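Input: a single structure, listed below in structure tokens.
Here the structure is a predicted model, which means the values were calculated and not measured. Residue numbers begin at 1 in each chain, while the letters A, B, ... track the order of the sequences. Note: hydrogens, waters and symmetry copies are ignored here, and every other heavy atom, side chains too, is used.
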Amino acid sequence: MPEMPEIETIRRSLEPHIRGRKIENVEVLLARQIKWPEPEAFVARILQEDIVGLERIGKYLLLQLSNQVSLIFHLRMTGQLVYVAAGAADASHHNRVIIYLDDGARLVFSDTRTFGTLYAMHQDELWRIRGMAEMGPEPLSEKFTAEYLAAAAAGRKTRIKSFLLDQSKVGGLGNIYVDEALFLAGVHPMRLAGSLTGDEIQRLHEAVNRVIADGIADGGTTFRDYRDGNGGKGSHQDNLFVYGRDGEACKRCGTLIAKTKVGGRGTRFCPSCQKI
DNA sequence: GCACTGTCCTGTTTGC
DNA sequence: TGCAAACAGGACAGTG
């Protein structure tokens, strides 16, 4: 599932292909994935506009258009946004929206499980996307400090795993990178957020920044669905410590990686390195 | 305000 | 072998 490193990788891989291109046509194959405005108005807002920039906010990818509208994608679980050059075939059987560009290429949004969402928003409408408007500081940003993390977690009775997945607390984290960060910090996922010591908060802050930086450097994590803007796979799955490794030996101590559920989410951890 | 649960959705895996 | 159930999880609505 695409998290912040995957969306950033997609942004970087798409930008050289589509910046400056005009949207010549839009084909909507599954209208219910367009959340705002209605599909007809959605198409009207983006048609014949130039793509002037690409931005990322948390897990949202924003294509800035020449009319001050942002074409916004959230890929959720299985969404993919792939650039297909003129004349080339695209492989997906689950295409949902196809954007035709003025050089004959196309931008194909495909999504097996159809959780992904699309928006075409004017700048003064962005507040309508609550998840984006209320997003907390992103890892690697100036606002994401150990002091911020300590203040946000203080007094919280929710599990630290659930706390880190809450986009209003830390923007851009998902299940893979939360499990990895908790392992690196030596913090058990079931710990209550408000119970972490200053030292643990410090370690967790460093670990979150590290896993996100490493994920970006590796071009993201591909388990099954994730592809970058060119259709390529990431390589961070080869460098994971716990996610997807349940039943295997911990790379640090040899104890078998355990799997449990926290807040309804599959959660992997090392019972020796991450004491409750 | 906070914490937790159910829902959406479909391909794959697991169990009988 | 074939079928049914369980599982995967990001975001949000609903509940207590």
Side-chain angles (χ1 to χ4, degrees), chain A residues 1-8 10 29-36 56-62 72-81 91-97 109-119 121 126-136 138-139 151-182 189-196 208 211-212 215 220-227 236-237 240 242-247 257-269:
Chain A
M1 39 276 152
E3 304 178 27
M4 180 179 156
E6 286 72 35
I7 304 301
E8 178 61 21
I10 291 170
L29 301 167
L30 188 61
R32 68 174 156 76
Q33 293 198 253
I34 294 170
K35 295 301 174 187
W36 188 272
R56 181 193 53 73
I57 299 177
K59 300 175 194 174
Y60 293 88
L61 183 67
L62 291 78
I72 303 170
F73 296 85
H74 195 304
L75 304 182
R76 301 282 185 117
M77 302 293 299
T78 55
Q80 299 178 358
L81 191 61
S92 176
H93 298 293
H94 305 285
N95 294 345
R96 309 304 185 194
V97 177
F109 170 71
S110 62
D111 189 1
T112 305
R113 285 156 66 179
T114 73
F115 280 10
T117 48
L118 284 76
Y119 311 80
M121 311 295 274
L126 292 177
W127 61 271
R128 287 182 182 276
I129 306 177
R130 213 181 71 186
M132 198 158 68
E134 297 176 5
M135 189 171 300
E138 292 184 13
R156 298 280 166 173
K157 292 183 171 63
T158 190
R159 312 284 175 197
I160 187 65
K161 159 100 183 195
S162 301
F163 172 85
L164 291 173
L165 285 174
D166 183 343
Q167 301 298 295
S168 71
K169 304 299 183 297
V170 184
L173 292 178
N175 211 32
I176 296 174
Y177 292 96
V178 165
D179 280 6
E180 291 297 305
L182 287 170
M190 294 285 276
R191 290 278 302 282
L192 300 185
S195 76
L196 267 63
V208 166
V211 296
I212 293 298
T221 302
T222 299
F223 262 97
R224 185 175 301 166
D225 300 293
Y226 163 69
R227 296 290 186 275
H236 194 61
Q237 63 277 8
L240 297 175
V242 289
Y243 188 87
R245 297 193 66 249
D246 32 307
I257 299 299
K259 183 181 177 184
T260 185
K261 276 207 173 200
V262 181
R265 297 289 170 254
T267 300
R268 289 77 174 179
F269 66 101

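Between the CE atom of M4(A) and the C1' atom of dA11(C) there is a distance of 19 Å, rounded to whole Å. Rounded to whole Å, the distance from NZ on K169(A) to P on dA11(C) is 13 Å. The distance from atom CD of Q33(A) to atom P of dC12(C) is 15 Å, rounded to the nearest whole Å. dA11(C) atom C1' lies 10 Å from atom CG of D166(A), rounded to whole Å. Following rounding to the nearest Å, L118(A) (CG) and dA11(C) (C1') show an atom-to-atom distance of 15 Å. Put simply, CZ on F163(A) is 17 Å from P on dG10(C), counting in whole angstrom units. Rounded to whole angstrom, the span from the CE atom of M77(A) across to the C1' atom of dT12(B) amounts to 13 Å. Put simply, CD on E3(A) is 9 Å from P on dA11(C), counting in whole angstrom units.
Of the possible donor and acceptor atoms, one in the side chain of E3(A) sits under 3.5 Å from a partner among the backbone N and O of I176(A). Without hydrogens or angle criteria, T78(A) side chain to R113(A) main chain gives a donor-acceptor distance under 3.5 Å. Formation of a donor-acceptor pair under 3.5 Å by the E180(A) side chain with backbone atoms of Y243(A) is found in this model. A distance-only check finds a donor-acceptor pair linking the side chain of N175(A) to the backbone of G266(A) [under 3.5 Å]. With Q167(A) contributing its side chain and L165(A) its backbone, the two residues share a donor-acceptor pair below 3.5 Å. Proximity of a side-chain donor or acceptor of E6(A) to a complementary backbone N or O of G220(A) within less than 3.5 Å is not detected.
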Worksheet, complete the sentence: Contact string for nucleotides 3-10 of chain B, one letter per nucleotide 5' to 3', B = base within protein heavy-atom range under 4.0 Å, S = sugar-phosphate only, - = neither, reads SS---BBB

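Nucleic acid contact class of K35(A) (heavy atoms, under 4.0 Å, all strands): none. Nucleic acid contact class of Y243(A) (heavy atoms, under 4.0 Å, all strands): sugar-phosphate only.
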Distances under 3.5 Å between nitrogen or oxygen atoms of protein and nucleotides 13-16 of chain C:
from    : atom 1 : to      : atom 2 : distance (Å)
dA13(C) : OP2    : R130(A) : NH1    : 3.3

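Looking at heavy atoms from C-beta onward, R227(A) lies out of side-chain contact with I10(A) at the 4.5 angstrom threshold.
Of the candidates D111(A), T117(A), T114(A), D111(A) is the only one forming a side chain to side chain donor-acceptor pair (under 3.5 Å) with Q33(A).
The shortest distance between the side-chain N/O atoms of K59(A) and the OP1/OP2 oxygens of dA11(C) is below 4.0 Å. Taking only side-chain nitrogens and oxygens, Q167(A) never comes nearer than 4.0 Å to OP1 or OP2 of dG10(C).
Here Y119(A) pairs with nothing under the ring-ring contact (aromatic ring centres under 6.0 Å, His included) rule; sequence neighbours left out.
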